[in-house]
**Student:** 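One structure is given below, represented as structure tokens, and several questions about it will come after.
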Amino acid sequence: GEGPEIPELDVEDADLPLGQQLYAANCAACHNAAGSGGALGQGSYAPAVTRATNLQVAQAARIGPGGMPEFGEGVLDDHELAAVVRYVDHLRNPPDPGGLPLGRIGPVTEGMVAWLVGMVLLLVAARWIGTRQ
């Protein structure tokens with residue numbers, strides 16, 4: 001068929017830090033730093049990259065569907081494209097060191113949930129102490 005060939009990518013051995021840097025420079029402005037997509041304005045919408053397969057991410061980068069620009073070999077070579085695809089794969093299930101993910105919104109969410117749970121427990125304890133005879 002016509003159009004650019006989709007390369008066979010070795011995502012497992014790709015450079016994750018390089019993928020993060022390239023994603024931040026080329027993709028995050030439209031698809032969000034977390035890959036969740038969002039509205040771009042004037043009726044345009046960038047879809048969540050975390051819902052796409054690795055092959056779909058690579059194809060979209062090479063072909064540039066809709067309003068997305070093409071990231072041909074002159075912009076991202078196969079090594080760099082594999083790094084970006086690996087980083088997007090990493091975004092699908094990032095590690096959660098030291099806590100619950102709670103939607104992966106950030107540490108403020110964990111603190112707020114802990115504060116709310118603590119306040120409810122304090123109120124329950126105060127009510128229980130107040131009703132004892």
Side-chain angles (χ1 to χ4, degrees):
E2 295 181 25
E5 287 188 29
I6 304 303
E8 294 286 327
L9 301 176
D10 183 15
V11 177
E12 294 298 320
D13 292 330
D15 187 356
L16 185 61
L18 175 64
Q20 188 275 332
Q21 292 171 355
L22 292 169
Y23 181 88
N26 297 296
C27 311
C30 298
H31 293 284
N32 188 312
S36 59
L40 300 174
Q42 298 179 342
S44 297
Y45 181 81
V49 294
T50 54
R51 295 185 185 148
T53 65
N54 289 346
L55 180 59
Q56 289 170 333
V57 171
Q59 287 174 333
R62 285 291 189 240
I63 296 168
M68 181 174 161
E70 289 182 25
F71 293 95
E73 294 258 351
V75 179
L76 294 175
D77 62 25
D78 289 352
H79 170 74
E80 293 170 329
L81 181 59
V84 170
V85 172
R86 178 162 183 219
Y87 181 70
V88 169
D89 189 49
H90 173 78
L91 287 176
R92 287 187 194 104
N93 193 20
D96 294 314
L100 298 173
L102 298 175
R104 294 190 171 90
I105 299 172
V108 173
T109 306
E110 286 187 24
M112 189 162 134
V113 168
W115 187 85
L116 289 173
V117 168
M119 291 305 290
V120 167
L121 290 175
L122 280 174
L123 289 172
V124 168
R127 176 140 180 138
W128 179 71
I129 291 170
T131 58
R132 290 180 43 190
Q133 292 188 12

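This is a predicted model, so every value here is computed, not measured.
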**Student:** A side-chain contact here means heavy atoms from C-beta on lying under 4.5 Å apart; do Arg86 and Asp13 qualify?
**Tutor:** no

**Student:** What verdict does the side-chain contact (heavy atoms from CB on, under 4.5 Å) test give for Leu76 and Arg62, after you've listed the backbone C-alpha separation in whole Å, the side-chain angles of each residue and the deciding distance to 0.1 Å?
**Tutor:** CA-CA 9 Å; Leu76 294 175; Arg62 285 291 189 240; 4.1 Å; yes

**Student:** For the atom pair OG (Ser44) and CE (Met68), what is the distance rounded to the nearest 0.5 Å?
**Tutor:**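 These two atoms lie 13.5 Å from each other.
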
**Student:** What residues, two or more places apart in sequence or in another chain, satisfy ring pair (Phe, Tyr, Trp, His ring centres under 6.0 Å) together with Phe71?
**Tutor:**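 Phe71: no ring pair (Phe, Tyr, Trp, His ring centres under 6.0 Å) contacts found.
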
**Student:** Taking a hydrophobic cluster as the set of Ile, Leu, Val, Met, Phe, Trp and Tyr residues connected by side-chain heavy atoms closer than 4.5 Å, whether directly or through intermediates, do Val117 and Val120 fall within one such cluster?
**Tutor:** no

**Student:** Ala34 and Thr50: which non-hydrogen atoms are nearest, and at how many Å?
**Tutor:**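 Closest approach of Ala34 to Thr50, heavy atoms only: O-CG2, 3.8 Å.
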
**Student:** Would you give the length of the straight line joining atom CG of Leu91 to atom SG of Cys27, rounded to the nearest 0.5 angstrom?
**Tutor:**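 So the CG of Leu91 and the SG of Cys27 are separated by 10.0 Å.
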
**Student:** Between Asn26 and Val84, is there a side-chain heavy-atom distance shorter than 4.5 Å?
**Tutor:** no

**Student:** May I ask you to test the Val88-Arg92 pair for a side-chain heavy-atom distance under 4.5 Å?
**Tutor:**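 Yes, side chains in contact.
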
**Student:** Answer yes if Val49 and Leu16 sit in the same cluster of Ile, Leu, Val, Met, Phe, Trp and Tyr residues linked by side chain heavy atoms under 4.5 Å apart, and no otherwise.
**Tutor:** yes

**Student:** Of all the heavy-atom pairs spanning Asp78 and Glu73, show the shortest one and how long it is.
**Tutor:**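 Heavy atoms only, the tightest pair is OD1-OE2, 3.0 Å.
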
**Student:** Between Asn54 and Leu9, is any pair of side-chain heavy atoms under 4.5 Å apart?
**Tutor:**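 No. Closest side-chain heavy atoms not under 4.5 Å.
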
**Student:** Under 4.5 Å between side-chain heavy atoms, counting indirect links through other Ile/Leu/Val/Met/Phe/Trp/Tyr residues: same cluster for Val124 and Met119 or not?
**Tutor:**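 No; tracing contacts between hydrophobic side chains, which count when under 4.5 Å, never links both residues.
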
**Student:** Applying salt bridge (charged side-chain N to carboxylate O under 4.0 Å, His left out), name anything that partners Asp77, two or more places apart in sequence or on another chain.
**Tutor:** none

**Student:** May I ask you to test the Glu12-Asp10 pair for a side-chain heavy-atom distance under 4.5 Å?
**Tutor:**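 Touching, per the 4.5 Å side-chain cut-off.
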
**Student:** Specify the closest pair of heavy atoms between Ala14 and Ala82, including all atoms of both residues, with the distance to one decimal.
**Tutor:**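 Heavy-atom minimum between the residues: CB-O, 3.4 Å.
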
**Student:** Can any side-chain N or O of His31 pair as donor or acceptor with the backbone N or O of Ser36 at less than 3.5 Å?
**Tutor:**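 No; judged by distance alone, with no hydrogens or angles, the pair does not exist.
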
**Student:** Under the 4.5 Å side-chain heavy-atom rule for ILVMFWY, direct or indirect, which residues accompany Ile129?
**Tutor:** Trp128

**Student:** Tell me the closest heavy-atom pair linking Pro65 and Ala60, and the distance in Å.
**Tutor:**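 Looking at all heavy atoms of both residues, the shortest contact is CD-O, 3.3 Å.
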
